[in-house]
Structure formats: structure tokens, C-alpha cells
Amino acid sequence: MAKGRESGMPAAERWSSFFDADCMLAKLDCTPACHDVLEFGCGYGLFTEAAARVARGTVYAIDIVPEMVVATRRRLQQAGLQNAVVEERDFVADGAGRPGASVDYAMLFNILHIDAPVALLREAYRALNPGGTLGIVHWNYDPATPRGPSMAIRPRPEQCREWAQSAGFEFVRFEPLACCEHHYGIVCRRPPTAEHAR
């Protein structure tokens, strides 16, 4: 099982200080209109918890690191949330483990610096229902950010958009994420009609 490039995480408290998860999800269209949600790389479960509070169905959270899976399950238990399934999985090698066209929202947060970003985006596309939404978050392309992958592999917003479109997504908008100053967001959509699928 291979982790993504530069996939180390800081302490949970430090990581949480970088984000306003509820605000970010709202700005990226993860709303109560969503039923099932798929999260690639759940880390400490910060966004898993926020999504589980919003989604009407189930949040499927996956991560390759056993300690992150344990931390996310603990976080959800402490929050009293029972509508999330957390799984240890190498989704780069083995996919998300969800049926095709089965979720309404997919989260790719701080992960598109992996070796094969388009392949991961294609897997998100496969799992999403037609008309489903993709939320992308990444560290600003700025060496002054307090964390984030090295600049050599850190994607620019325009790159993420191009990758998503090459995977079949329709670009909806860039989202500057004023509630999270070190990150940008992108909203994309799987086209609602089959002839656009790739």
C-alpha cells in the first residue's frame, strides 16, 4: 500500500486550526441536499464529521493510514454521529470501493498532489451520480502557507480544473474560501447526461 506523496500529517489540533470545516463545506456545495458523500483521504475526520452533520444519508470516508481511520472513527463516536462508514483503503490502487453512480458528493481535499491526480478524479467521477458534485480543496500555491506539499508538486487551481475536466467533470466555479485563508476551493459537477461520461 502506497501513501500519496508527502502525506505526513501534523498533530490533530494543529491540523484543525487551519480550517473552518462547516464553512468550507457550505461554500463548496456540500449541503443538506446531498444524500451520500464520499471522502477520499479522511485524515483526522475533521471534514468527515462536518459532512456527517449535513448529509441526509451516509458519509463513506476512506484513508490509507490505519491511525487516521482510528482517529476518524473515534471523532465520530465522540460526536455521537452514526451515519458514517470509515474504511482503511488504498483508493489509489484499489478504487473507492463504492458502486458506480452511487454518491451525490465527493470530497478531494488536500490530496491532488498525488502521483496520478487524473486517475483519482476519474474514480470520483465513476462513484458520483450523474449531476453529482465534486469539491476540491488544496493549499494555496504560495510557499508562505504554514503547511502543504512542496511547491514542486503543489497544484495550482488552474491545474486542478484542467485535471477535473480531463476526467469528464464540468467546471462550476473557483471558490477562494475566505473562511480558510490558506486554501482555495473548486466546485465541479459530473454531467447529468450519459453522453458526457468518459
Side-chain angles (χ1 to χ4, degrees), residues 1-10 12 14-15 18-19 21 24-25 28 30 37-48 51 59-72 85-98 100 103 105-128 132-143 145-171 174-175 177 180 182-190 198:
M1 296 172 72
K3 296 181 186 179
R5 297 183 291 178
E6 300 183 17
S7 56
M9 293 281 280
R14 173 76 167 148
W15 184 249
F18 298 132
F19 307 100
M24 290 172 69
L25 289 184
L28 295 172
C30 185
V37 174
L38 175 60
E39 180 183 19
F40 291 85
C42 59
Y44 292 113
L46 178 66
F47 297 103
T48 318
V59 177
Y60 298 96
I62 48 182
D63 203 291
I64 194 172
V65 182
E67 293 81 4
M68 296 294 97
V69 171
V70 170
T72 298
V85 175
V86 187
E87 180 183 3
E88 180 186 339
R89 187 175 185 87
D90 184 349
F91 50 79
V92 173
D94 303 324
R98 303 304 310 152
V103 299
Y105 194 93
M107 300 162 60
L108 289 175
F109 290 5
N110 292 320
I111 201 167
L112 285 182
H113 57 283
I114 64 169
D115 287 316
V118 176
L120 183 56
L121 284 156
R122 288 189 178 124
E123 176 62 6
Y125 183 102
R126 183 197 65 79
L128 276 167
T133 301
L134 170 70
I136 295 171
V137 169
H138 220 298
W139 292 93
N140 291 335
Y141 193 76
D142 179 355
T145 58
R147 288 282 304 180
S150 63
M151 300 307 293
I153 64 170
R154 190 183 305 200
R156 295 176 173 88
E158 297 79 11
Q159 287 177 298
C160 292
R161 174 180 178 170
E162 290 170 6
W163 292 337
Q165 289 177 314
S166 70
F169 285 99
E170 293 177 344
F171 172 76
F174 288 117
E175 187 63 59
L177 297 179
C180 187
H182 302 300
H183 291 78
Y184 61 85
I186 299 173
V187 177
C188 295
R189 182 178 69 153
R190 175 172 169 167
R198 297 187 179 183

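Just so you know, these numbers use all the heavy atoms, side chains as well, and skip hydrogens, waters and symmetry mates.
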Exercise for the section: Could you go through the side-chain contact (heavy atoms from CB on, under 4.5 Å) check for Ile62 and Leu38 one step at a time? Expected result: CA-CA 8 Å; Ile62 48 182; Leu38 175 60; 4.3 Å; yes

Handout entry: Glu123 bridged to Arg126 by N-O distance under 4.0 Å
Key =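 Judged by the 4.0 Å cut-off on N to carboxylate O distance, Glu123 and Arg126 do form a salt bridge.
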
Practice task
Give, for atom CD of Glu88 and atom CD of Glu67, the distance between the pair rounded to the nearest 0.5 Å.
Solution key: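 The CD atom of Glu88 sits 8.5 Å away from the CD atom of Glu67.
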
Problem - Whether Arg190 side chain and Gly132 backbone form a donor-acceptor pair below 3.5 Å - result: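 A pair under 3.5 Å: no.
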
Practice task
State whether the side chain of Asp63 and the backbone N or O of Val69 hold a donor-acceptor pair below 3.5 Å, judged by distance alone.
Solution key: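 No; judged by distance alone, with no hydrogens or angles, the pair does not exist.
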
Problem - Test side-chain contact (heavy atoms from CB on, under 4.5 Å) applied to Ile114 and Phe40, step by step - result: CA-CA 12 Å; Ile114 64 169; Phe40 291 85; over 6 Å; no

Exercise for the section: Start with the C-alpha gap between Phe19 and Phe47, add the side-chain angles, then the distance that decides, and say whether ring-ring contact (aromatic ring centres under 6.0 Å, His included) holds. Expected result: CA-CA 9 Å; Phe19 307 100; Phe47 297 103; 5.2 Å; yes

Kindly give the heavy-atom pair with the smallest separation between [X] and [Y], and that separation in Å.
X: Cys42; Y: Thr48; result: CB-OG1, 3.5 Å
X: Gly185; Y: Leu177; result: N-CD1, 3.5 Å
X: Leu108; Y: Ala124; result: CD1-CB, 4.3 Å
X: Pro155; Y: His113; result: CD-CB, 4.1 Å
X: Trp163; Y: Pro117; result: CE3-CB, 3.6 Å

Handout entry: Check against side-chain contact (heavy atoms from CB on, under 4.5 Å), Met107 and Leu25
Key = CA-CA 9 Å; Met107 300 162 60; Leu25 289 184; 4.1 Å; yes

Exercise for the section: Check whether any side-chain heavy atom of Trp139 lies under 4.5 Å from a side-chain heavy atom of Pro146, and answer yes or no. Expected result: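 A side-chain contact under 4.5 Å exists here.
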
Exercise for the section: Let me see the working for Arg147 and Asn110 under side-chain contact (heavy atoms from CB on, under 4.5 Å), right down to the final yes or no. Expected result: CA-CA 11 Å; Arg147 288 282 304 180; Asn110 292 320; over 6 Å; no

Exercise for the section: Classify the angle between the aromatic ring planes of Phe169 and Tyr125 as parallel (below 30°), tilted (30 to 60°) or perpendicular (above 60°). Expected result: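 If you compare the ring of Phe169 with that of Tyr125, the planes turn out perpendicular.
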
